[in-house]
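So the structure is just underneath, and the comments pick up after that.
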Amino acid sequence: VDGDAAQVRILQYADDRPPGILAGQIAGLDAAADRALARPEPLRHRLGDHDVGRVCAEVGGAEDAPFAQSQSDRLDISGRGAMQVRARPVGRIDRAREAAERALALDETLAEAHASVAYINARFDWQWETAEREFRAALSLNPGHVPSRQWYGMFLAARGRPQDAMRELTRARELDPLSPAVQSGIGRVLHFEGRYDEAIAVFTKILQSDPSFTPSRMDLSLSLMAKGDLDRAVAELDAVAAAHGPLSSVLMLRAWCDVKSGRMDRARSTYAELEAQRLEGKASSDELALLALLVGHEAEASEILEDAC
């Protein structure tokens, strides 16, 4: 496959992993990326050999071109990994930024690098103007790059521009009608607009085609929670836990359902479990702080957030 196809595969690999992915799996991706970057000449290499499949990349062209592409790939591995692990990605975001700067220095026409810079500015730095400028640059250079359009759509949704977001995600679906990540993005925008029944229909259709696509199952549980259908929401969360273990995000959401159902003892027990996960680096401060508020530990929630900052 060519460099762009490799990029898409890498991004899909990251997108398809469940929330709370184990740090060890991300570390494996880092090691694979390091091996790739140690050989900037044209080559065919494997980026990892993991339980969810192999990502193969063939890079060719001028001497610097494959290295620029590899830097862009490395950026996405580090940046997306930082988001998926969620618990204090020490150094990972910095490595992603360094890869982005190096990729753009070698080839400023690399759309994937612009998209990755945009993603970091939006997801981690909250630099909205920079993020939008870089998303637009990426799409100007490569209008058919689906991850760029998908990320841009979700960025617009987060900025309170649902119509613009839906336009970008609809275009991404036209480019890749089989992508569950794009379809799930459309469902999320519907959820943000309070169109829960429509969102539930989208997520349900995705899961009928691909029951293993965990992000849509998580999204479905959130829409069911928003409608007050807590029993179905818990069933979806239990399905995620059965497949992937006690993920921190699942524990937090299930505890929310327990609070709403009046099962405070169970929610407090989950809080203790999540607190232990945070000490092990498996849960994020925002998850623990939110659950602290739900179970009535307001002072602890404030301390957790202060410590995280």
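Bear in mind that the values here come from a model prediction, so they are computed numbers and not experimental data.
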By side chain to side chain donor-acceptor pair (under 3.5 Å), Thr109 pairs with (sequence neighbours left out) Asp107

Step through the shown structure and confirm whether more than 12 heavy atoms of other residues, nucleotides or ligands are within 6.0 Å of CD on Glu280.
yes

The side chain to side chain donor-acceptor pair (under 3.5 Å) partners of Arg173 (sequence neighbours excluded) come to none

Lys227 meets the salt bridge (charged side-chain N to carboxylate O under 4.0 Å, His left out) criterion, sequence neighbours left out, with Asp197

With sequence neighbours left out, the residues meeting side chain to side chain contact (heavy atoms under 4.5 Å, CB included) with Gln127 are Asn121, Asp125, Thr130

key: Joint cluster assignment, Val182 & Leu175, ILVMFWY side-chain distance < 4.5 Å   = yes

Practice item. Start with the C-alpha gap between Tyr271 and Leu251, add the side-chain angles, then the distance that decides, and say whether side chain to side chain contact (heavy atoms under 4.5 Å, CB included) holds. Key: CA-CA 8 Å; Tyr271 176 78; Leu251 289 174; over 6 Å; no

d(Asp307 CG, Ile304 CD1) to nearest 0.5 Å is 8.5 Å

Residues at least two apart in sequence or cross-chain that pass side chain to side chain contact (heavy atoms under 4.5 Å, CB included) with Ser223, listed by chain then number, are His191, Ala199, Ile200, Phe203

Please assess Met166 against Leu190 for the test side chain to side chain contact (heavy atoms under 4.5 Å, CB included), listing each intermediate value before the final yes or no. CA-CA 9 Å; Met166 193 63 79; Leu190 292 170; 3.9 Å; yes

Quick note, side-chain hydrogen bond (donor to acceptor under 3.5 Å, both in side chains) partners involving residues 157-169, not counting sequence neighbours, are Glu132-Arg161, Arg149-Glu168, Arg161-Asp164, Asp164-Arg167

Residues passing the side chain to side chain contact (heavy atoms under 4.5 Å, CB included) test with Asp210, sequence neighbours excluded, are Ser212, Phe213

Distance col, row Leu274:CG vs Ser269:OG, nearest 0.5 angstrom, shows 11.0 Å

Heavy atoms of Arg278 and Ser284 approach each other most closely as CD-O, 4.4 Å

For residues 260-267, which side-chain N or O atoms pair as donor and acceptor with protein atoms under 3.5 Å away, sequence neighbours left out?
unit_1	atom_1	unit_2	atom_2	d
Ser261	OG	Cys257	O	2.9
Arg263	NE	Asp258	OD1	3.1
Arg263	NH2	Asp258	OD1	3.2

Residue set satisfying side chain to side chain donor-acceptor pair (under 3.5 Å) with Thr270, at least two apart, ordered chain then number -> none

Glu198 meets the side chain to side chain donor-acceptor pair (under 3.5 Å) criterion, sequence neighbours left out, with Arg195

- Message: Determine whether a donor-acceptor pair (N or O, by modelled atom type, separation under 3.5 Å) exists between the side chain of Ser302 and the backbone of Ala299.
- Response: no

Practice task
Check the pair Met218 / Val250 against side chain to side chain contact (heavy atoms under 4.5 Å, CB included), numbers first and verdict last.
Solution key: CA-CA 8 Å; Met218 293 290 290; Val250 172; 3.8 Å; yes

Side chains of residues 231-242: which donor-acceptor partners sit under 3.5 Å, not counting sequence neighbours?
unit_1	atom_1	unit_2	atom_2	d
Glu236	OE1	Arg217	NH1	2.6
Asp238	OD1	Arg254	NE	2.8
Asp238	OD2	Arg254	NH2	3.3

Smallest heavy-atom separation, Ile206 atom then Ser184 atom, equals CD1-N, 3.4 Å

With sequence neighbours left out, the residues meeting side chain to side chain contact (heavy atoms under 4.5 Å, CB included) with Glu303 are none

Which word best sums up how the rings of Trp151 and Tyr119 line up, parallel for under 30°, tilted for 30 to 60°, or perpendicular for over 60°? tilted

Heavy atoms of Trp128 and Ala122 approach each other most closely as CZ3-O, 3.6 Å

Using a strict threshold of under 4.0 Å (side-chain N to carboxylate O), is an ion pair present between Glu174 and Arg171? yes

* To do: Might you work through the side chain to side chain contact (heavy atoms under 4.5 Å, CB included) test for Leu207 and Thr204, ending with a clear yes or no?
  => CA-CA 5 Å; Leu207 292 169; Thr204 300; 5.9 Å; no

